[in-house]
Amino acid sequence: MDYGLMQRVFPFFLEAAWTTITLSVLTAALGLACAILGTSARLSRFALFRFLGATYVSLFRGTPALIQLFILYFGGPQIGIQLDAFAAGVIGLGVNVGAYMTETMRGAIIAVDRGQGEAARTLGMSRWQAMCNVILPQAMRLMIRPLGVNINALIKSTALVAAISVVELTYTAQRYIGSTYKPFEMFLIAGLLYMIIIYVVGQGISWADRKARLN
Amino acid sequence: MGLDFSVIPKYLDIVLLGALWTIAITVCAAVVSFFGGILLAVIALFAPALVRWPFRVFSFLFLGTPLLLQLFLIYFGLVQIGVDVPAFVAGVVGLGLHFVVYNSDLFQTSILAVDKGQIEAARTLGLSRWQALRKVVVPQAVRDVIPPIGNNMIALLKDSALVSVIGVSELTLSAQRAIGSTYRPFEFYVLVAAIYYIINLVMEAVLRRVERRIQASK
Amino acid sequence: MSQQKPFIDIRHAKKSFGTLEVLKDISLQVERGQIVAIIGPSGSGKSTLLRAINDLDPLTGGEIWLEDKQINKSLPHRQYEKHINEVRQEIGMVFQHFNLFPHLRVRENVTLAPKMLKGLSDAEANALAEEQLTKVGMIERIDYYPSQLSGGQKQRVAIARALAMKPKVMLFDEATSALDPELVEEVNLVMKRLAEEHMTMIIVTHEMGFAESVCDRVLFMDQGVVVEEGPPEVIFRNPKNERTQNFLRKHLAGHKA
């Protein structure tokens with residue numbers, strides 16, 4: 001184990017970790033936004049919206065995220081979409097993880113007992129009022145933990161943007177492996193940083209989950 | 001630049017050959033990860049601490065890091081220690097190990113869920129601990145865990161696209177070769193996405209059938 | 001002939017799920033202040049009929065009227081939603097499984113709808129909740145969560161929640177079926193008190209004794225039709241129809257065993 005080398009390259013990895021964090025935060029935000037839209041579509045009373053929602057989920061979960069990223073980044077210019085690698089990464093991964101989060105949110109909403117909606121409706125609430133006041137507050141508690149699983153997977157999947165040369169943790173590790181021939185050392189540094197990020201985010205999610213369950 | 005899908009037929013055979021390799025690597029890695037997963041689960045649960053700990057550390061490292069990073073480690077790591085393996089083997093090992101850890105998690109949960117009375121009954125019949133595990137507990141645990149393992153296999157198919165970066169000539173890399181000579185990324189990546197999607201649909205259909213069969217046998 | 005319109009008027013109600021006919025042409029008139037029990041084996045359609053009254057399970061044919069308003073009239077979606085939400089405010093419903101909102105305290109369970117739909121202020125809604133919870137004997141638990149209550153207590157809160165909307169009629173869908181035997185009585189007492197106040201009620205129930213002591217009329221339903229109806233003393237003591245006789249014999253025997 002070459003500790004001297006590890007110390008020398010560490011600052012570069014730290015900088016790359018910051019990119020991974022920014023990427024994760026932006027992707028998660030976009031993913032949640034897509035999931036809210038996707039869930040609304042999947043639960044809509046209009047068949048067309050339901051179909052569109054289901055198609056979105058099926059296509060984006062049914063094909064590799066890497067290929068989706070490539071279509072956007074390399075194929076985009078052909079249809080007039082010119083994005084820099086970082087933006088393509090955020091959009092590509094965000095829309096992808098949004099499809100997974102849609103299933104999570106929908107699952108949580110469906111898991112709320114049917115009787116809850118019925119009780120609200122018999123009191124005279126509209127579909128929307130029942131959703132906002134009765135169903136969503138309960139579904140929210142159910143979805144925090146599985147959304148946490150989605151976010152955990154998302155943090156790891158940000159590594160894919162290394163394939164379109166965004167200088168984040170995995171790209172940095174790859175470059176230093178190429179120049180130093182020390183794969184294990186580089187893996188350890190990058191891996192440790194990933195695990196720290198995932199650990200901190202995981203703690204945050206458990207905290208939110210506990211807080212939601214407290215009342 | 002516009003779109004022109006007419007370039008595809010000329011390269012279709014290359015891409016389809018790539019698709020075959022994708023299926024091959026998926027199947028191989030799936031087999032590795034299935035049996036490896038059972039083995040790792042049994043070790044993690046029942047082996048003496050000295051054996052258990054290195055495996056726990058391995059699981060911990062692999063659960064917390066991206067597959068792409070693991071692939072780089074395995075590919076270049078093997079080269080560094082002087083093992084010269086074909087890219088395909090490195091890909092199978094990388095993908096397989098990644099999913100061994102995920103599957104092992106599932107197996108551990110389902111093994112623990114098998115009624116304690118089952119082991120006791122087997123032991124009173126005179127089976128050794130290992131025999132009881134192998135003949136009584138694991139078969140029951142496997143049945144319960146097939147659906148989530150199946151989902152992992154479908155995830156594995158999609159993650160197999162990543163082995164293109166270590167030079168395995170599967171679907172994604174074949175497309176990249178075709179793009180290299182045609183400069184038509186959109187057309188070929190969409191084609192590749194469609195092929196992945198179809199394989200994905202087939203796998204989902206098979207999994208659903210198996211799930212139904214398991215449900216019926218309960 | 002005095003032609004006063006019935007308070008609730010169900011005309012030729014039909015309901016089918018696919019090819020399965022659950023309600024086959026049922027008509028039923030309920031006067032203001034009347035208390036009607038519907039009994040019958042499971043699968044007879046009695047719950048479906050009750051749930052059709054506030055359109056939880058919409059009919060596939062027939063009409064339901066509350067006073068001079070048709071409940072299930074055909075309107076464009078948006079207008080229908082507005083219409084049905086108004087109608088439902090006038091019809092209280094109590095479910096077998098209570099369906100209290102677990103994320104809200106007892107107080108908020110009762111005040112949520114009046115505040116949201118009738119525009120009551122916090123103070124007004126609180127006073128209303130206290131009044132209704134006192135009536136069902138649950139005022140001491142006003143700041144509890146549903147998970148901290150027994151089944152009987154939950155059901156009493158659910159009744160208070162429905163009453164807080166000042167409904168014209170109350171529907172009870174097997175309100176005591178999910179309760180442990182020793183908790184049934186407290187809920188029955190609350191319902192009796194409502195009966196004494198001349199609340200119009202339609203009660204789907206398995207409690208024959210309760211139905212006999214409280215109700216003005218009893219309907220026996222089987223396989224989607226009303227087989228027999230009449231005053232409780234006739235239906236329970238002297239049923240004419242063989243199916244009614246069989247049902248009551250089995251049911252009462254089961255209860256004694």
Would you verify whether the NZ or CZ of C:Arg161 falls within 45 degrees of the ring axis of C:Phe101 while also being under 6.0 Å from that six-membered ring's centre?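 Because its charged atom sits under 6.0 Å from the ring centre and within 45° of the axis, C:Arg161 does stack over C:Phe101.
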Close side-chain approach of A:Ser24 to A:Leu154, heavy-atom, < 4.5 Å: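 Contact flag for A:Ser24/A:Leu154 side chains = yes.
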What donor-acceptor contacts under 3.5 angstrom involve side-chain atoms of residues 39-50 of chain A, with partners at least two apart or in another chain?
from, atom 1, to, atom 2, distance (Å)
A:Thr39, OG1, A:Ala35, O, 2.6
A:Ser40, OG, A:Ile36, O, 2.6
A:Arg42, NH1, A:Glu103, OE1, 2.9
A:Ser44, OG, A:Phe46, N, 2.9
A:Arg45, NE, C:His77, NE2, 2.9
A:Arg45, NH1, C:His77, ND1, 3.3
A:Arg45, NH1, C:His77, NE2, 3.3
A:Arg45, NH2, C:His77, NE2, 3.4
A:Arg50, NH1, A:Ser44, O, 3.0
A:Arg50, NH1, A:Arg45, O, 3.4

Less than 4.5 Å to any heavy atom of chain A: does that hold for the side chain of C:Ile91, its backbone, both, or neither?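 When you check distances to chain A, only backbone atoms of C:Ile91 fall under 4.5 Å.
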Which bit of C:Leu100 is near chain A, if near means a heavy-atom gap under 4.5 Å: side chain, backbone, both or neither? backbone
Heavy-atom contact with chain C under 4.5 Å, split by part of A:Asp113: side chain
Most contacts with chain A, counted as non-hydrogen pairs under 4.5 angstrom, among C:Met116, C:Met93, C:His97: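 Ranked by heavy-atom pairs under 4.5 Å with chain A, first place is C:Met116.
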List the steps and the verdict of salt bridge (charged side-chain N to carboxylate O under 4.0 Å, His left out) for C:Asp57 and C:Lys15. CA-CA 9 Å; C:Asp57 283 337; C:Lys15 170 83 180 173; 5.2 Å; no
